[in-house]
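Report on one structure; see the data block that follows.
Note that the coordinates shown come from a computational prediction; the quantities given were computed from them, not determined experimentally.
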Amino acid sequence: MAHLITLTGNLLAETTAYYRSANWGRTQRAYQESFQVGGKGINVSRMAERLGLETTAYCFTGGFIGQKCEAWLEAQPFAYRAFGLGAENRQGWVARVDDRPDETTFMGQDRPVPFEAWKKALAAIAEERPGWIALCGSMPGWDGRFTASLQEAMEALQPQGVRFALDCYGAPLEAALELPFDLLKINRDEWRGMAEARSWHEDPRYGLEAVHEAPVRRWIITDGGNEVLFCDDGRALYRLNPPRLEQMVSPVGSGDVTLAALLAHLEQGESWPAALAEAMRYGAVNAGDAGVAAFDLEAVRTLALPRVERLS
């Protein structure tokens, strides 16, 4: 299988704390804690490794918190490479309460990625020449220099067969509309913002003709547990409905799990629509589990395979 590199620009040093109960405005005392490193690209690499893809998680670390993140990453079954952030990594606190099925996450302040560290990361990626490069999550500090350097990397690597995927928001997402990404994954809220700014139809089922003004080759538009739309490079539009769960525990990371499973099934030779249908089962099972990419893989087979419907 092809080598997948994920690039996470906004790492999260994440502590999950468990409480018997919670009352806002009063001191809460946890009875158990666990630590992990979060961030969309890290989640993608975690799932990709479990599905047999060779993967390396690129990220940016700094300070004492960064050292703690690297120690955690060092213990994982997938490879990683860290580049200097020049500041402490942000921290996050996930609160889980025994009598509630959901969870609440508190995130610290974003840390801008230094442009020099970004350039070093791109240079290292170019040396590896992976099959896929996936830019994931927010990229604090993004500006025109980042866009130009990414475009330069694409121009050098895509003719060599390297494919680029993007699952970001904010400034990198805006930049994506200027660049020939092989895959862009966004949610309906992000679509609405782009559509409003560009006078596209609010409903992507009718507006995807317009997006071919952009050089992006394939689009996946998600909407939580509702229908997923996929538009391929031939302008064919497909609709898939995610499997239904009896109980959703936490949707955190489900989109990342879906992206990893999609790339894994593509590497197994499946078509884009078929691979996406398979991947959506993984995302659904993840939403029914308290962790991220930690569920029993056998549980995927218990869910019905989503039906692929071609709309145009």
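When all heavy atoms are compared, the tightest approach of Thr147 to Ala175 is OG1-CB, 3.4 Å. Of all non-hydrogen atoms in Tyr169 and Ser138, the two that sit nearest each other are CE1-CB, 3.4 Å. In terms of heavy atoms, Pro130 sits closest to Ile5 at CG-CD1, 3.8 Å. When all heavy atoms of Cys69 and Ala13 are compared, the pair lying nearest together is SG-CB, 3.7 Å. Of all the heavy atoms in Asp110 and Pro112, the pair that sits closest is O-CD, 3.9 Å. The minimum heavy-atom distance between Met47 and Ala260, with the atom names listed, is CB-CB, 3.6 Å.
For the pair His265 and Tyr282, the minimum side-chain heavy-atom distance is below 4.5 Å. By the 4.5 Å heavy-atom criterion applied to side chains, Ile125 and Ile133 are counted as neighbours. Counting only heavy atoms from C-beta outward, the side chains of Leu7 and Phe60 approach each other to under 4.5 Å. Annotation: side chain of Leu183 is in contact with side chain of Leu259 (closest heavy-atom distance under 4.5 Å). Annotation: side chain of Pro306 is in contact with side chain of Arg281 (closest heavy-atom distance under 4.5 Å). Under the 4.5 Å side-chain criterion, counting only non-hydrogen atoms from C-beta, Arg188 is in contact with Ile221. Counting heavy atoms from C-beta outward, Glu196 and Trp191 have side chains that stay 4.5 Å or more apart. Trp132 has its side chain out of reach of Val162: every pair of non-hydrogen atoms, C-beta onward, lies at least 4.5 Å apart.
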List the steps, then state whether side chain to side chain contact (heavy atoms under 4.5 Å, CB included) holds for Gln91 with Ile65.
CA-CA 8 Å; Gln91 299 184 70; Ile65 302 301; 3.7 Å; yes
Apply side chain to side chain donor-acceptor pair (under 3.5 Å) to the pair Tyr58 and Glu128, showing each step before the final yes or no.
CA-CA 12 Å; Tyr58 276 53; Glu128 293 201 47; 2.4 Å; yes
Worked verdict on Trp118 versus Ser149 for side chain to side chain donor-acceptor pair (under 3.5 Å)
CA-CA 9 Å; Trp118 166 262; Ser149 62; 2.7 Å; yes
Under the criterion side chain to side chain contact (heavy atoms under 4.5 Å, CB included), I'd like the reasoning laid out for Ile186 against Trp219: C-alpha separation, chi angles, the key distance, then a yes or no.
CA-CA 8 Å; Ile186 62 173; Trp219 296 69; 4.2 Å; yes
Could you walk me through whether Thr222 and Asn187 pass the side chain to side chain donor-acceptor pair (under 3.5 Å) check?
CA-CA 4 Å; Thr222 62; Asn187 63 43; 5.5 Å; no
Check the pair Asp182, Gln158 against side chain to side chain contact (heavy atoms under 4.5 Å, CB included), reporting the backbone distance first and the verdict last.
CA-CA 9 Å; Asp182 296 276; Gln158 282 181 324; 3.2 Å; yes
Verdict with reasoning, Lys185 to Asp167, per salt bridge (charged side-chain N to carboxylate O under 4.0 Å, His left out)
CA-CA 5 Å; Lys185 178 178 171 291; Asp167 186 6; 3.3 Å; yes
What verdict does the side chain to side chain contact (heavy atoms under 4.5 Å, CB included) test give for Leu4 and Leu263, after you've listed the backbone C-alpha separation in whole Å, the side-chain angles of each residue and the deciding distance to 0.1 Å?
CA-CA 9 Å; Leu4 163 66; Leu263 299 182; 3.8 Å; yes
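The distance from the CZ atom of Arg81 to the CG atom of Leu73 is 13.5 Å, given to the nearest 0.5 Å. Here the CG atom belonging to Leu122 is positioned 13.0 Å from the NZ atom belonging to Lys120, to the nearest 0.5 angstrom. Rounded to the nearest 0.5 Å, atoms CG (Leu240) and CZ (Phe230) are 9.5 Å apart. Once rounded to the nearest 0.5 Å, the distance linking CD of Glu54 with CD of Glu49 reads 11.0 Å. Remark: Glu14 CD to Asn89 CG distance equals 13.0 Å, nearest 0.5 Å. Here Arg218 contributes atom CZ and Asp232 contributes atom CG; the two are 7.5 Å apart, rounded to the nearest 0.5 Å.
Placement of Met139 and Val216 within a single hydrophobic cluster is found when ILVMFWY residues are connected by side-chain heavy-atom separations under 4.5 Å, directly or transitively. Using a 4.5 Å cut-off between side-chain heavy atoms of Ile, Leu, Val, Met, Phe, Trp and Tyr, with links allowed through other members, Leu51 and Ile42 fall into different hydrophobic clusters. By the criterion of side-chain heavy atoms lying less than 4.5 angstrom apart, applied directly or through intervening Ile, Leu, Val, Met, Phe, Trp or Tyr residues, Leu12 is not grouped with Trp72; the two fall into different hydrophobic clusters. Criterion: ILVMFWY side-chain heavy atoms under 4.5 Å apart, direct or through other members. Under it, Phe115 and Leu150 are part of a common hydrophobic cluster. Neither Val228 nor Leu305 shares a network with the other; the hydrophobic side chains, linked directly or stepwise wherever heavy atoms of I, L, V, M, F, W or Y lie under 4.5 Å apart, form separate groups for each.
Heavy-atom neighbours of Arg100 CZ from other residues, nucleotides or ligands within 6.0 Å: at or below the threshold of 12. Under a cut-off of 6.0 angstrom, the local environment of CD in Glu152 is sparse, with at most 12 non-hydrogen atoms contributed by other residues, nucleotides or ligands. Other residues, nucleotides and ligands place no more than 12 heavy atoms under 6.0 Å from the CD atom of Glu74.
A side-chain N or O of Asp98 and one of Tyr31 form a donor-acceptor pair less than 3.5 Å apart. A side-chain donor-acceptor contact under 3.5 Å links Arg90 and Asn10. For Thr56 and His3, the side-chain atoms include at least one donor-acceptor pair closer than 3.5 Å. One side chain, Arg129 or Gln160, offers a donor N or O that lies under 3.5 Å from an acceptor on the other. Side-chain N/O atoms of Asn241 and Glu309 include no donor and acceptor closer than 3.5 Å. Residues Thr61 and Glu70 bring a donor and an acceptor atom of their side chains to less than 3.5 Å of each other.
A donor-acceptor pair is defined here as one N or O able to donate and one able to accept, closer than 3.5 Å; such a pair exists between the side chain of Asn286 and the backbone of Ala293. Thr302 places a side-chain N or O within donor-acceptor distance of the main-chain N or O of Ala299, the cut-off being under 3.5 Å. The main-chain N or O of Phe295 is found under 3.5 Å from a side-chain atom of Arg50 such that the two form a donor-acceptor pair. For the pair Asn23 (side chain) and Arg26 (backbone), a donor-acceptor distance under 3.5 Å is absent. Of the possible donor and acceptor atoms, none in the side chain of Glu270 sits under 3.5 Å from a partner among the backbone N and O of Leu276. Side chain of Thr6 to backbone of Ser45: no donor-acceptor contact under 3.5 angstrom is found.
Between Lys68 and Glu88 there is no salt bridge, since none of the side-chain N atoms of the basic residue sits less than 4.0 Å from a carboxylate O of the acidic one.
Stacking of Arg96 on the aromatic ring of Tyr18 is not recorded, the 6.0 Å distance cut-off and the 45° axial limit not both being met.
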